[in-house]
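Each chain gets a letter, A, B and so on, in the order the sequences are listed, and its residues count up from 1. Note that these values count all heavy atoms, side chains included, but never hydrogens, waters or copies made by symmetry.
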Amino acid sequence: MANGPLTPAVLHILLALSTGERHGYGIMKQVEADSQGTVKMGPGTLYGSLGRMMEAGLVRETDKRVDPEMGDERRIYYELTSAGRAALEAELDRYRGVVAVAKKRFAYGQ
Amino acid sequence: MGSNRSIEHCRWWYEKLLRLYPRPFRERFGEGMAQSFDDLCRERRSKGRGLFRLALWVFGETLVGIIRENITHMPKTVLRVALGALAALMVPLIASQFVPDWHWGVSGFAVAYVAFFLVGMGYAVISRRMGAWSYKAGVGLALAAGFGLAWSNMVHVTGTENPTLFLYFSVLAVGVIGAGLARLNAGGLARTLFAMAAVMLAISMLLPSGAPPDMARRMAIGHAGLVVVFAASGFLFRHASAHSVK
């Protein structure tokens, strides 16, 4: 998973967790905010991706605690591992490369 | 529209849907998924909007996830069952070398393999619904006894063309209908297996065999064995049901 291009869902989850640990609903809201509302991730996609990312060692569970802003249910929090952060940086480098090529092509086109 | 009651109702249905995930996945993420769904519903309600479209979307995308996770988990299970069925096939294959009147041919063994495989898959799919050992053992015993009854009955019906033998299929019909009504829950399955044992007992007592004494004795032993196995399976399901309540 970490070697090739990441799926959009995995990339969005890595981005959402890049600023700190979050619980499931927190990740969904951060993904929505990061994409300016264009990407809405449901629980099926989120937890399916989290399961595969945990198997690949990109994220891990931290602890289970109450979110003071979200009522009194205890929630499991997730955070990036060092492999997850490296995968995110590698993917962003790949994107930067693609953008650089696109900019050159666009400049020649003009 | 989106009252607390309707949110609880939606969550209840969503938790039912989550039961279709493979057990390891459900145990790991089920609670978090239900919480996240609940949070989405509350967010929707706080904006004064209805839950129908949200529920439709989340149920749809979760269903896709369920199919994906089951497919991911299935190949290993299918391979294990296929190998198990092959091992089970060795029993008639070896036995046929020593029993003079055993002439199945390739198609007979192929049918037997498919039957073993289907029973094995039935066990794999049903037994993963509950972690209790007694539930798994109950499923195994019930399927093995049901398979044995169906197989021996098919052989006897084909061999003797005695239509009264079709009565034995009523035991299996009770099992299938009962399991469906019980939705494979341990308590309902316990009652179903006890009913199967009772029907089996009634048939063995009421059905005139007309067989020679030696054959009749063997049939009586076979019937008693099936009654005991169905009842034992029922007790195992009852144990699993009690275990799940604690």
Side-chain angles (χ1 to χ4, degrees), chain A residues 1 6-10 12-13 16-17 21-79 81, chain B residues 2-4 7-8 10-47 49 51-76:
Chain A
M1 182 183 264
L6 303 174
T7 65
V10 170
H12 278 294
I13 294 169
L17 292 174
E21 57 177 22
R22 294 179 195 280
H23 51 67
Y25 178 70
I27 297 173
M28 285 185 207
K29 297 319 292 174
Q30 190 59 48
V31 168
E32 197 176 337
D34 289 345
S35 64
Q36 283 88 45
T38 56
V39 177
K40 290 187 195 300
M41 195 176 282
T45 308
L46 172 65
Y47 284 91
S49 300
L50 279 175
R52 286 184 284 281
M53 291 167 78
M54 285 166 78
E55 274 178 27
L58 302 181
V59 293
R60 64 171 163 248
E61 290 177 7
T62 51
D63 61 352
K64 194 175 183 184
R65 62 176 190 272
V66 171
D67 181 342
E69 294 175 9
M70 299 285 303
D72 55 1
E73 269 194 293
R74 292 171 73 221
R75 291 152 199 279
I76 296 172
Y77 282 71
Y78 300 91
E79 69 175 7
T81 61
Chain B
S3 65
N4 271 336
I7 290 174
E8 282 167 18
C10 283
R11 181 167 176 162
W12 185 84
W13 279 108
Y14 191 63
E15 284 172 352
K16 292 280 173 203
L17 181 70
L18 294 179
R19 292 173 70 173
L20 297 177
Y21 271 107
R23 200 162 57 86
F25 185 94
R26 191 174 67 237
E27 286 177 353
R28 191 168 199 182
F29 297 117
E31 187 188 344
M33 291 182 79
Q35 267 175 350
S36 299
F37 176 62
D38 199 82
D39 293 335
L40 288 170
C41 289
R42 289 183 195 285
E43 178 200 333
R44 191 89 164 182
R45 189 192 61 173
S46 69
K47 291 177 181 169
R49 297 167 70 183
L51 298 178
F52 182 74
R53 283 183 66 182
L54 172 74
L56 202 63
W57 169 63
V58 173
F59 276 57
E61 69 97 39
T62 300
L63 201 58
V64 173
I66 287 168
I67 293 167
R68 180 173 181 166
E69 294 302 325
N70 275 297
I71 289 172
T72 306
H73 282 74
M74 204 43 100
K76 280 183 203 162

Over all heavy atoms of both residues, which pair between A:T45 and A:A9 is shortest? Give the atoms and the distance, please.
CG2-CB, 4.2 Å
Under 3.5 Å, is there a donor on one side chain and an acceptor on the other for A:T62 and A:E21?
yes
Of A:V59, A:T7, A:L6, A:I13, which is the lone residue that meets side-chain contact (heavy atoms from CB on, under 4.5 Å) with A:S49?
A:I13
Heavy-atom cut-off 4.5 Å, strictly under: side chain, backbone, both or neither for B:L40 against chain A?
both
Heavy-atom distance under 4.5 Å to chain A: side chain of B:F25, backbone, both or neither?
side chain
Can you say whether B:E61 sits under 4.5 Å from chain A via the side chain, the backbone, both, or neither, judging by heavy atoms?
both
Test item: B:R45 and B:N4 side chains (from C-beta on) under 4.5 Å apart, heavy atoms:
yes
Looking only at heavy atoms, the pair that brings A:R60 and A:T81 closest together is NH1-CG2, 3.6 Å
Residue by residue, which of residues 27-34 of chain A have a heavy atom closer than 4.5 Å to a heavy atom belonging to chain B?
A:M28, A:K29
Which one, A:E61, A:K40, A:H23, leads in non-hydrogen pairs under 4.5 Å with chain B?
A:K40
Winner by heavy-atom pair count (cut-off under 4.5 Å) against chain A, out of B:W57, B:F37, B:Y14:
B:W57
Mind running side chain to side chain donor-acceptor pair (under 3.5 Å) on A:Y47 and B:S36 for me, showing each step along the way?
CA-CA 10 Å; A:Y47 284 91; B:S36 299; 3.1 Å; yes
In short, A:H12 meets A:S35 closest at the heavy-atom pair CE1-CB, 4.1 Å
For B:R68, is it the side chain, the backbone, both, or neither that has a heavy atom closer than 4.5 Å to a heavy atom of chain A?
side chain
Positive for side-chain contact (heavy atoms from CB on, under 4.5 Å) with A:P43, one of B:D39, B:L18, B:V58:
B:V58
Out of B:E69, B:Q35, B:R42, return the one with the most heavy atom pairs under 4.5 angstrom to chain A.
B:Q35
Within 45° cone and under 6.0 Å: A:R65 NZ/CZ vs A:Y77 ring
yes
